[in-house]
Protein chains: 2
Amino acid sequence: MSKKATIYDIAKELKITAATVSRALNNNPKISKKTRELVHATAAKMNYKQNKLALALKSGKSKNVGVVVPFINKNFFASVIRGIEDELYPKGFHVIISQTHEDVDREKKIIQNLINAQVDGILISTSFTNENKEQLNQELKKSTPFIFFDRVLNFDGTSTVTIDDYQGGFDATEHLIYQGCKRIAHFYVDQNIELYNNRLNGYKDALLKHRIAYHSDYIISLTSDMEAGKEAAEKLMKLPVPPDAIFSSTDNGLLGAVKYLQSISVKIPEDFCVVGFSNEPFTQFLEPSISSVDQSPMEMGKMAAKVFLKQIENDESGIDENVVLPAKLIIRKSSSKQ
Amino acid sequence: MSKKATIYDIAKELKITAATVSRALNNNPKISKKTRELVHATAAKMNYKQNKLALALKSGKSKNVGVVVPFINKNFFASVIRGIEDELYPKGFHVIISQTHEDVDREKKIIQNLINAQVDGILISTSFTNENKEQLNQELKKSTPFIFFDRVLNFDGTSTVTIDDYQGGFDATEHLIYQGCKRIAHFYVDQNIELYNNRLNGYKDALLKHRIAYHSDYIISLTSDMEAGKEAAEKLMKLPVPPDAIFSSTDNGLLGAVKYLQSISVKIPEDFCVVGFSNEPFTQFLEPSISSVDQSPMEMGKMAAKVFLKQIENDESGIDENVVLPAKLIIRKSSSKQ
């Protein structure tokens, strides 16, 4: 690794003053064209780089945007990030990604670090909840634009982009009712995150509309992983009157349930229908393929980026926009009786 | 969003000079304890933050580490990143992630941006190849430690962490031979990336050791996606003498091949054995489960982080370490005839 050349090295090399080098590099018209070209050529030869960090410090613009998600390897978040990049990269922004592993202390440190690094904005799917959100609010008071997506919190001066989780839950449940299912269980992810409550409310209202009684036995709280889904399905099938369908807020949880049901020879969809949420890629290639609610992650990412761009154009005044994208039920074999 | 307080605001508030505020904030012993405490308390109350970027600029240490990968949503890369984070986070480093989408121009811009942002090091799985690597070399001449992992390039003063791809290819192929397979095809990913060549060479040498003739018809170049794998399997099965096994350098490609073979009622593993590479999570829960070579991504990430830490301890002198981790063949149903 060679040491970085400074303007002083260039000045020494060309036997001119550092001030002249600096002006030449900034294309100051007071410096002759010949000298400017010579300085630029020498700077290139000596591998000189203007300190962009110092420039950012002066201008207050880094052209970096921080994206913060719980996990980078969930297809949903990866696709949102892709959408953000597709929108911001052509406009000259660099997208730097951090993952929190759902650890709120780490999330706070990540946000502080991004603010310290003078990013132009933070696009975030938060792991903070309504219970502990005031901690985060302290950070939001700094003058960095915040756009929440998917897992959002409502603060003054910040924007949110979500999908219509309520409608997604409603549509998935009503679809199961139309398939003739009468005892529909629900996998609920208990993280005190608003979107899971919205999906649960959609489920409840679909039952209500079709005059189907709500049974709290059929609501299972779980984490979003395969093993938890297996245990949940086992618990459900041991009830005196087991359900004949599951609408799950998590595809990963549902995968475990499907594996369990298959292991005890329950036929899907003939005897039991299932619908998941997130439209993870594996739902397509399982046998049977799994119905799921698509969250339009690419569109969500693009929209979050657009809201950010709008916000920085408005400069100092925080705008407070709340965009809700539609949820799309994708019907596959796992819930197609006909 | 409130405006950031500066040392001048604090000075004004306390009716002291900005220089005194600055010294107090830096705990200069020349300032009385009482004044120091007052300044710190006022700074906290006024939401003042020392400009960490400016401090980084002074000290040359940002405590940020850039991680650059082709894709964040491949399980392999996500797990490597997890390993890096697990190693660096407890030591106070922030890991900021960027993805290149295998676009070398974008990769170059990302690296320039990270260098400009004064990261303490760059841990990278590159999309540059031996053909165009000189472009990247220009960037490496800057004084930022570089550690390559998985997709590596050999440059003076940079380190590499890889798995033994040759051994992985050899073991997978020899395992298929021991299962009684006689006509073993190979899916090769044609990206001019050394690791794919190493896997191919392992495959060739296993055939050679067991005196099995090498047929170029059985080598299919493809991209690492499901659709390409489907087409490749179709092509193989239309040969006058079709193969009875596939060792694939890509799990995703192999998934497409398995789906095709099942669609034409070829029984796996009875009539046809398959082994993939990467041990993607879906290989476990497919029916039949798919054998694959595990790349120990968590260990690779931890090792890359350790090499980075060693490098920054050595400060100016670039160390040039090449760590090779073992590849582990995981045998599942798809290649278990017995």
Side-chain angles (χ1 to χ4, degrees), chain A residues 1-4 47 49-57 62-64 66-67 71-75 77-79 81-82 85 89 94-99 101 106 109-110 112-118 138 140-146 157-158 226 255 259 262 281-282 285-287 316-318, chain B residues 1-4 47 49-57 62-64 66-67 71-75 77-79 81-82 85 89 94-99 101 106 109-110 112-118 138 140-146 157-158 226 255 259 262 281-282 285-287 316-318:
Chain A
M1 291 175 290
S2 64
K3 232 176 127 58
K4 280 177 197 159
N47 220 340
K49 270 236 137 122
Q50 280 193 294
N51 193 322
K52 292 275 170 63
L53 199 66
L55 290 179
L57 210 54
S62 69
K63 280 283 183 181
N64 282 321
V67 175
F71 302 104
I72 53 172
N73 60 336
K74 282 206 181 170
N75 187 62
F77 291 119
S79 298
I81 292 170
R82 180 74 200 239
E85 289 176 334
Y89 182 75
H94 292 276
V95 172
I96 56 180
I97 307 156
S98 304
Q99 61 180 342
H101 302 280
R106 192 185 279 214
K109 282 183 193 152
I110 286 169
Q112 286 164 342
N113 181 51
L114 290 171
I115 292 172
N116 289 337
Q118 315 257 84
Q138 294 306 313
L140 301 186
K141 285 180 182 155
K142 318 290 158 53
S143 52
T144 302
F146 265 77
T158 64
M226 206 171 143
L255 174 59
K259 289 283 152 191
Q262 288 177 334
F282 69 76
F285 60 71
L286 278 186
E287 191 48 49
E316 281 303 300
S317 62
Chain B
M1 290 174 289
S2 63
K3 233 176 127 56
K4 281 177 196 159
N47 219 339
K49 269 234 136 119
Q50 279 195 296
N51 193 322
K52 291 276 169 62
L53 199 66
L55 289 179
L57 211 54
S62 70
K63 280 283 186 179
N64 281 322
V67 175
F71 302 103
I72 52 172
N73 60 335
K74 282 206 181 170
N75 187 63
F77 291 118
S79 299
I81 291 170
R82 180 73 199 237
E85 289 176 336
Y89 182 75
H94 291 277
V95 172
I96 55 179
I97 307 157
S98 305
Q99 61 179 341
H101 303 281
R106 192 184 280 213
K109 282 183 193 154
I110 286 169
Q112 286 165 341
N113 181 51
L114 290 171
I115 292 173
N116 289 337
Q118 315 256 86
Q138 294 305 313
L140 300 186
K141 284 180 184 157
K142 317 291 158 53
S143 50
T144 301
F146 264 78
T158 65
M226 205 173 144
L255 173 60
K259 289 283 150 189
Q262 289 177 331
F282 69 76
F285 60 72
L286 277 186
E287 192 48 48
E316 282 302 299
S317 63

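Here the structure is a predicted model, which means the values were calculated and not measured. Numbered from 1 within each chain, the chains take letters A, B, ... in sequence-line order.
With sequence neighbours excluded, the residues satisfying side-chain contact (heavy atoms from CB on, under 4.5 Å) with A:E287 are A:K333.
For chain B, no part of A:K74 is nearby; none of its heavy atoms comes within less than 4.5 Å. Looking at B:Y89, only its side chain comes within 4.5 Å of chain A, counting heavy atoms on both sides.
The CD1 atom of B:I96 sits 4.0 Å away from atom CD1 of A:I96, with the distance rounded to the nearest 0.5 Å. The NE2 atom of A:H94 sits 8.0 Å away from atom CG of B:N116, with the distance rounded to the nearest 0.5 Å.
Looking at every heavy atom in both residues, A:N73 comes nearest to B:A78 through CB-CB, 3.2 Å.
Counting heavy-atom pairs closer than 4.5 Å to chain B, the top-ranked of the candidates A:L255, A:L286, A:V67 is A:L255. Of the listed residues B:H101, B:Q99, B:R106, B:K109, the one with more heavy-atom pairs under 4.5 angstrom with chain A than any other is B:R106.
Residues A:V95 and B:S98 have side chains not in contact (no heavy-atom distance under 4.5 Å, counting atoms from C-beta outward).
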